[in-house]
Structures are given as C-alpha cells and as structure tokens.
Amino acid sequence: MTMAERRAVVADLGEPPYRAVQLSRHFFGRFTEQADEMSDLPRASRDMLADALLPRLLTAERELSCDAGTTRKTLWRAFDGALVESVLMRYPDRVTMCVSSQAGCGMGCPFCATGQAGLTRNLSTGEIVAQVVAGAHLLAAGLVPGVAPRGRLGRASPRADIARISNVVFMGMGEPLANYASVLAAVRRLTDPVPEGLGISQRSVTVSTVGLVPAMARLAGEGLSVTLAVSLHAPDDELRDTLVPVNQRWKVDQVLAAAWDYAATTGRRVSIEYALIRDVNDQPWRADLLGSLLAGRLAHVNLIPLNPTPGSKWTASRPATQREFVRRLATAGVPVTVRDTRGREIDGACGQLAASARR
Ligand code: SAH
Ligand code: SF4
C-alpha cells in the first residue's frame with residue numbers, strides 16, 4: 001500500500017491516521033512487524049494494527065549460508081504453501097538482495113531449475129517487499145558477518161557490524177515482467193524514502209527479464225531509473241529459440257531494440273546476461289556475433305558461468321573458452337564482466353533450493 005492507502009486502512013479501523021506512519025517506521029525503518037516491539041503505539045491497539053497491516057506473509061522454511069556467512073539463502077513458505085527463494089550477498093562495499101517475483105516461472109528455459117518446475121503463481125507486492133525487509137532485518141541485527149576491504153597488509157578481516165541493503169536484483173525465481181503490476185509496486189515501495197518505503201536508490205535496483213518486449217517498453221515509460229537486465233544467452237534466433245523459448249514470440253532483434261529504447265529513455269546502461277554453457281552457446285563466432293550486436297550500444301555484458309541444475313546435460317564452459325569469449329567481446333569494445341559464482345554449495349542458482357525441497 002501507499003502511505004495514503006495505509007492511512008485510510010488505519011482510519012477505517014478507528015485509529016488516528018498518523019498511526020500508519022508509526023507502523024511504517026517500524027516496518028521500513030526498523031524492519032519489524034512484531035507488535036510487542038512497537039512501544040510508541042498504545043498497547044490496546046498495537047496487536048490489532050500489526051495484524052491488520054503487517055501480517056506475516058513469509059515463513060522461513062530453510063536457511064543456508066556459505067562464504068563465511070556472507071552469502072545467505074532463504075527458502076520461504078507463503079500462506080498457501082508456495083515456496084520461493086531469496087539470497088542475501090554481502091560484499092565489502094555493498095549488500096545485494098536477490099528476490100523472487102513469482103513462485104515458479106512459466107517461461108520454460110531448459111537450463112533453469114525454476115523454469116523446469118513451471119509457474120505456481122505470482123507473488124504479491126507485499127511478498128516481494130517482505131524478502132528484502134527480512135534481509136534488512138538480519139543485517140540490522142548484526143547477523144550477517146561482513147568482510148572488510150583488504151587493508152595495507154592485504155588481509156581481509158571479518159566484520160560483524162551492521163549494514164543496510166544497498167542493491168536489489170530481481171534475479172530469483174520468476175519472470176518479473178510477467179508479474180508487472182506487483183513488481184512495479186514493489187520497486188516503488190523499495191525505493192520510496194522511509195517511512196513510505198525502504199529508501200533504496202532506484203539505480204541500485206535491477207529488473208531482469210527474459211525479453212518480454214511490450215512490458216520492456218512499458219517499463220521504459222514509468223519514469224524510473226532502475227537497471228534493466230536482459231537474459232539473452234544467445235545472439236542468434238536459432239539457438240535462442242531453444243534456450244529461451246519465449247524467443248519464438250519476440251526475436252533477438254526485437255528484444256535488443258526494446259533494450260536500446262530502454263537505454264535511450266532512461267539513460268541507463270542495459271545489462272546483457274549471458275549464461276555460458278559448454279559447447280552450446282560459447283563458440284568464438286557467437287562471441288563475435290554478440291560483440292557486433294552490442295558494439296556502440298549503452299550495454300554491458302554479464303557472463304554467468306552456468307550453474308548446472310540436477311540432472312542437466314549441460315555444464316559451464318571451459319575456462320579457456322570463457323577467457324576467449326571475454327577477449328572477443330572486449331576486442332569488439334563491449335564492456336564485459338564475469339559474474340562471481342557465490343552460493344554454489346547452497347543450491348545458489350535460481351529455483352534450485354525450492355526444487356530440492358520438493359524432491
Ligand atoms: N526470469 C528472469 C529473472 C530471473 S532468472 C530472467 O530470466 O532474466 C535470473 C538470471 O539467472 C537469468 O539471467 C537467468 O537466465 C539466469 N539463470 C537461470 N538459471 C541459471 C543457471 N542454471 N545457471 C546460470 N544462470 C542461470
Ligand atoms: Fe523463468 Fe528466468 Fe528461469 Fe527463464 S531463466 S525459466 S525466465 S526464471
């Protein structure tokens with residue numbers, strides 16, 4: 001809800017509308033939904049207001065951590081039993097929260113654990129925001145250790161201090177642009193200033209899409225400056241039709257045209273996601289073709305070493321092949337980075353934990 005909507009609900013409950021601001025400060029500023037922690041609210045109305053406005057939407061079913069506690073994955077159970085995942089990744093200079101926008105996904109990409117299970121349902125705005133608030137709560141409670149930047153002695157020292165969520169990426173389960181209204185409202189709540197929302201910078205929010213062209217155009221018109229990531233995975237339609245089945249509807253040239261329109265409208269560099277799959281999409285000629293499509297554009301390539309899903313016939317590219325792919329893109333003048341592969345041992349890739357819980 002917007003603040004105006006929260007005020008109206010509080011008024012309907014017979015309480016002064018400013019209680020909506022108090023509740024919002026607890027949730028978006030102190031990351032709590034627990035009535036007994038809201039000592040500025042009269043005892044008589046605390047429980048009633050918290051029940052009405054801050055019902056518990058997600059319950060942690062499993063928590064896994066690795067990378068000395070700096071990567072933390074949570075499997076959530078929603079009110080109806082739907083399972084979704086979120087991942088918190090703490091770095092010396094930032095904390096990124098990776099959230100799910102749907103339980104499952106209907107897009108059917110064959111290399112993706114979420115895609116293999118199909119779509120259960122869309123998440124609500126509240127269920128999306130709750131994943132980020134839960135991460136913020138862990139950080140504020142000092143429960144996520146940090147790693148200080150390397151000092152003069154070159155040693156990284158663990159830090160258990162408090163931090164805030166600086167980045168949110170819609171790269172968990174689901175296709176965010178297939179759940180457009182809820183995702184857009186979630187982006188607004190995440191980026192509205194406290195107490196209206198969480199106060200995260202729009203530029204630090206990334207919406208990743210498989211390439212739903214009409215929705216990409218709509219997002220460009222929202223007046224937001226969020227980063228758009230496009231999961232391309234192949235520069236040619238023949239291969240992309242199989243890796244990303246929705247390509248049969250919107251082709252590579254249409255998806256990229258929508259990406260360049262987004263960049264032109266927002267001034268934001270588009271991130272092109274490319275999961276490197278051994279002997280499938282990692283050939284030198286595909287690197288050159290990708291380079292020629294992206295050269296001179298406001299774009300950046302994020303190569304993702306494939307994280308094989310259980311039973312998959314595919315695996316990540318050989319290191320030398322990956323290096324050559326990077327070299328060819330760089331030669332074409334295209335900015336390129338290889339994504340770090342945190343969380344492999346905790347079923348880090350999209351949908352893997354939920355899949356293992358169902359098994
Ligand atoms: N549905 C959206 C966002 C969620 S997926 C999308 O597809 O963009 C987030 C990213 O993880 C996408 O780029 C997706 O292609 C990638 N991904 C999915 N499964 C993967 C795997 N097994 N290994 C590496 N990347 C994967
Ligand atoms: Fe859905 Fe993205 Fe997985 Fe494709 S890669 S199935 S769009 S979550």
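Just so it is clear, the model here is predicted, and its values are computed rather than measured. Atoms within each ligand, like the ligands themselves, are counted from 1 in listed order.
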Ligand 1 contacted by Gly172 (non-hydrogen, < 4.0 Å): yes

Subset of ligand 1 atoms that lie under 4.0 Å from at least one heavy atom of Ser208: 2 (C), 3 (C), 6 (C), 8 (O)

Part of Ile304 with heavy atoms under 4.0 Å of ligand 1, whether side chain, backbone, both or neither: side chain

Atom indices of ligand 1 within 4.0 angstrom of His233 heavy atoms, with elements: 13 (O), 14 (C), 15 (O)

Heteroatom test (N, O or S) for Cys109 near atom 3 (Fe) of ligand 2, limit 2.8 Å: no

For Cys112, atoms of ligand 1 separated by under 4.0 Å from a heavy atom: 18 (C), 19 (N)

Phe31 ring center near His26 ring center (under 6.0 Å): no

Proximal atoms of ligand 1 relative to Gly174 (non-hydrogen, under 4.0 Å): 1 (N), 2 (C), 3 (C), 4 (C)

Sidechain N-carboxylate O distance under 4.0 Å for Arg72, Asp67: no

Ligand 1 atoms in contact with Phe170 (distance to a heavy atom under 4.0 Å): 3 (C)

Cation-pi geometry met for Arg218 and Tyr180 (6.0 Å, 45°): yes

For ligand 1, the portion of Thr209 having any non-hydrogen atom under 4.0 Å away: backbone

Those atoms of ligand 2 less than 4.0 Å from some heavy atom in Met107: 1 (Fe), 7 (S)

Numbering as shown, the atoms of ligand 2 that approach Val210 to under 4.0 Å (heavy-atom distance): 7 (S)

